[in-house]
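Here is the structure we will look at, set down as C-alpha cells.
All chains are named by letter (A, B, ...) in the order of the sequence lines, taking the proteins before the strands, and each is independently numbered beginning at 1.
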There are 2 protein chains.
Amino acid sequence: MSDRSPRLDRPADDRPADSRRAFEEILDRLEQAIASGELGPGDRLPSERDLAARFGVSRPSVREALRVLEALGLVSVRRGAEHGVTLREEPQNAFAHLFRFHLALNHTSVASLVEFRVAIESWAAGLVAARGGAETLGELERQLDAMRQPGLGQVGFHSLDAAFHLELVRGAGNELATSVLEASRTAIQRTMLAALVAKADWPGTRDRLVREHAGVVDAIRAGDGAAASRLVTDHVTTFWREHLD
Amino acid sequence: MSDRSPRLDRPADDRPADSRRAFEEILDRLEQAIASGELGPGDRLPSERDLAARFGVSRPSVREALRVLEALGLVSVRRGAEHGVTLREEPQNAFAHLFRFHLALNHTSVASLVEFRVAIESWAAGLVAARGGAETLGELERQLDAMRQPGLGQVGFHSLDAAFHLELVRGAGNELATSVLEASRTAIQRTMLAALVAKADWPGTRDRLVREHAGVVDAIRAGDGAAASRLVTDHVTTFWREHLD
DNA sequence: GAACCGTAGTTGGTTTGACCAATGCGGTCA
DNA sequence: TGACCGCATTGGTCAAACCAACTACGGTTC
C-alpha cells in the first residue's frame with residue numbers, strides 16, 4: 001500500500017490541521033479502525049455514547065460523523081437494544097440523495113431523467129443479451145412471472161417493475177451503472193407510481209407492460225442485443241410519452 | 001404556495017412516515033426550497049439558528065442535515081460573521097466527489113468507470129449523429145483542429161480531449177448525462193493523464209487518437225448514429241485496454 | 001412444558017441552553 | 001488618516017435530560 005492511504009472523503013481540505021472539527025476527527029479514527037481491520041463489513045460500531053466517551057467528544061459530534069457515513073452509504077442505523085450502527089456489507093447507494101438535490105438545483109425535468117435512464121438501460125440490455133447471463137435471465141423471468149399473477153395492483157406491479165429494471169442493469173455487471181440507475185429511478189419513484197395509477201384501463205395496461213417485458217426477456221434469451229436494446233428503449237419511452245409534455 | 005407544492009420524490013424510505021428523522025425533514029425542506037428557486041447555487045443559507053427556528057427543530061438536528069449536504073459536496077461552511085453555509089456554485093462537481101470517493105474505497109474500479117463512460121458517450125454519439133446538431137459538430141471540429149497543432153504535449157492534448165468528449169455528450173442535450181459524464185471524467189482525470197504519459201511513441205499515439213476522433217466526427221456528419229456509437233466505444237475501449245488489468 | 005406477555009435495559013432521536021472561537025464591521029483614538 | 005479594539009454574528013462544541021424503538025429475559029398462564 002502506498003503512503004497515501006485512501007481516506008474518507010475529505011477532498012483538499014483548506015482547513016488548518018488544528019481547527020479540524022470534532023466529527024472529522026471521529027471520521028479519521030473510524031477510518032483507521034477500518035483500515036487496520038479492527039472494524040469490518042457487517043460489524044456493529046460501539047454505541048453513540050461509547051464512541052463519544054472513547055474519542056472524548058460529545059454525542060452530537062459523534063452523530064454528525066455518523067450522518068456523514070450514513071449519507072455516503074457506509075453504515076446503516078437502527079434504533080433499539082441489540083441494534084445500533086453497523087458497517088454495511090454492501091455499501092448502499094450514496095447517489096440517491098445527491099441525485100435529488102442535483103435535479104432540484106438544475107430544475108431538471110422528469111423527461112430528461114427518463115431519457116437518461118433509457119441510455120443506461122438500453123446499453124445494459126444490449127450487453128446482457130450479448131453475454132447471455134443465465135443468472136440474470138433467471139431473475140428477470142422470476143420477476144416477469146410475478147407480474148403475471150392475477151389481481152396485481154399498481155403498487156405491487158410497480159415494485160416488481162422496479163426490480164426488473166434494476167436487475168437488468170445489474171446484469172451488465174457495472175456497479176456504478178447500477179447505483180446511478182437505482183438512484184435515478186428512486187428519484188422519480190413517486191411520479192412513476194402516480195403515472196401508473198393515472199393510466200386508464202389498468203388490466204390492459206398491465207398486460208401490455210408484461211408483454212413488453214417479456215419481449216425484452218425473449219430478445220435477451222435469443223442473444224439479440226440490438227433488439228433487447230431497442231425494446232427497452234421503446235418500452236420506457238412509450239410508457240412515459242403520454243405523461244410528459 | 002399550494003398545499004401540495006411540486007416536489008421531487010424521496011428515495012424509497014423503509015421508515016414509516018411519522019418516524020422520519022428531523023434532519024431528513026430538513027433535507028426535504030431544503031430540497032423544496034432549491035427546486036422552487038428560492039435557493040440557488042452560490043446563495044447563502046439562513047444561519048443554523050434561523051433554520052432551526054423556521055423548521056421547528058433543534059440546532060443539532062439542523063447541523064446533522066448540513067453535515068449530509070456537506071458530505072455530498074453541496075454546501076461549503078465557514079464560520080464567522082458574514083460567513084455561514086453556502087450552496088456551492090458548481091453542483092456538478094458533487095458527482096465527482098462521490099465518484100472519487102467510490103474509487104478510493106474500491107467500491108468501484110477505474111475499469112467500471114470507463115465502461116460507464118462508454119455507455120453514456122456511445123449513446124450520446126448515436127443521438128447527436130441522428131439529430132445532426134450542426135452546432136455540436138462545429139464545436140467538435142474546433143477541438144479536433146486544435147488537437148492537430150504540431151508539438152502538442154500530453155497535457156494540452158488531454159484537456160482538448162476532455163473538451164471533445166464533454167461536448168459530444170453535451171450535444172445530446174441531456175444535462176443529467178452531461179453532469180454525470182463530466183464527473184466520471186474528472187474522477188479519473190489524473191489516471192487518464194498518467195496513462196497518456198505512459199504511452200510509448202507519443203506522436204504516433206497522438207496521431208492515432210486524432211484519427212479516431214476524426215472518425216467519430218465523420219460518422220456524425222454523415223448522420224450514421226450506429227457508426228458514431230461504435231467508433232466512440234472502440235476509441236475509449238482501445239485506449240484503456242492496455243492500462244487496465 | 002410451552003406459549004404468551006410485560007417489563008427492564010440498551011440504543012438511537014431530539015431538545016435545551018450554554019459557552020467557545022472565528023470573522024468582519026464599525027467606531028474610537030492616536 | 002490609519003491602526004486598533006470591541007461587538008455582533010455565525011459556526012463548533014458540550015452536557016444533561018427525556019422520548020421512542022427494540023430485544024431479551026423472566027414471570028405468568030394454560
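Of the possible donor and acceptor atoms, one in the side chain of A:Q149 sits under 3.5 Å from a partner among the backbone N and O of A:A146. Looking only at distances, a side-chain donor or acceptor of A:K199 sits under 3.5 Å from a matching main-chain atom of A:F239.
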- Task: For B:M192 and B:W240, run side chain to side chain contact (heavy atoms under 4.5 Å, CB included): C-alpha distance rounded to whole Å, both residues' side-chain angles, the deciding distance at 0.1 Å, then the answer.
- Result: CA-CA 9 Å; B:M192 166 96 190; B:W240 285 98; 3.6 Å; yes
- Could you walk me through whether B:L98 and A:L98 pass the side chain to side chain contact (heavy atoms under 4.5 Å, CB included) check? CA-CA 9 Å; B:L98 257 197; A:L98 188 53; 3.6 Å; yes
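Atoms CZ (B:R59) and C1' (C:dT15) sit 13 Å apart, rounded to a whole Å. Between A:L27 atom CG and D:dG12 atom P the separation is 14 Å, expressed in whole Å. Summarising the geometry, the separation between CZ on A:F55 and C1' on D:dC14 is reported as 17 Å, rounded to the nearest angstrom. Regarding A:R21, its CZ atom lies at a distance of 12 Å from the C1' atom of D:dT13, rounded to whole Å. Between the CD atom of B:E64 and the P atom of C:dT14 there is a distance of 7 Å, rounded to whole Å. The distance from atom CG of A:L66 to atom C1' of C:dG13 is 12 Å, rounded to the nearest whole Å.
Applying the side-chain hydrogen bond (donor to acceptor under 3.5 Å, both in side chains) rule to A:E141 yields the partners A:R221; only residues at least two apart in sequence or on another chain are considered.
Contact of B:R20 with C:dG13 (side chain to base): no donor-acceptor pair of N or O atoms is detected under 3.5 Å.
Applying the ring pair (Phe, Tyr, Trp, His ring centres under 6.0 Å) rule to pairs touching residues 59-96 of chain A yields A:F95-B:F99, A:F95-B:H102, sequence neighbours excluded. For residues 173-189 of chain A, every residue pair satisfying the salt bridge (charged side-chain N to carboxylate O under 4.0 Å, His left out) rule, not counting sequence neighbours, is listed here: A:D161-A:R185.
Residue B:R63 places at least one side-chain N or O closer than 4.0 Å to OP1 or OP2 of D:dG12. One finds no side-chain N or O of A:S61 lying less than 4.0 angstrom from the OP1 or OP2 phosphate oxygen of D:dG12.
Taking every heavy atom of both residues into account, B:Q154 and B:L196 meet most closely at O-CD1, 3.7 Å. Closest approach of A:R88 to A:V75, counting heavy atoms only: NH1-O, 3.3 Å.
Over its length, the helix from C:dG1-D:dC30 to C:dA30-D:dT1 turns its helix axis by 10°, as judged from the five terminal pairs at each end, rounded to 10°.
Nearest nucleotide to the side chain of A:P60, out of C:dT16, D:dA15, D:dG11: D:dA15.
Ring orientation note: the planes of A:H213 and A:F157 are tilted relative to one another, at an angle of 30° to 60°.
In the model, B:S112 has a side-chain atom that pairs as donor or acceptor with a side-chain atom of B:T108 under 3.5 Å.
Scanning residues 42-54 of chain B for heavy-atom distances under 4.0 Å to DNA chain D yields B:R44, B:S47, B:E48, B:R49.
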Between protein and nucleotides 22-26 of chain D, what N or O pairs are separated by less than 3.5 Å?
residue : atom : partner : partner atom : Å
D:dC22  : O3'  : A:H83   : NE2          : 3.1
D:dC22  : O2   : A:A81   : N            : 3.3
D:dT23  : OP1  : A:H83   : NE2          : 3.1
D:dT23  : O4'  : A:A81   : O            : 3.4

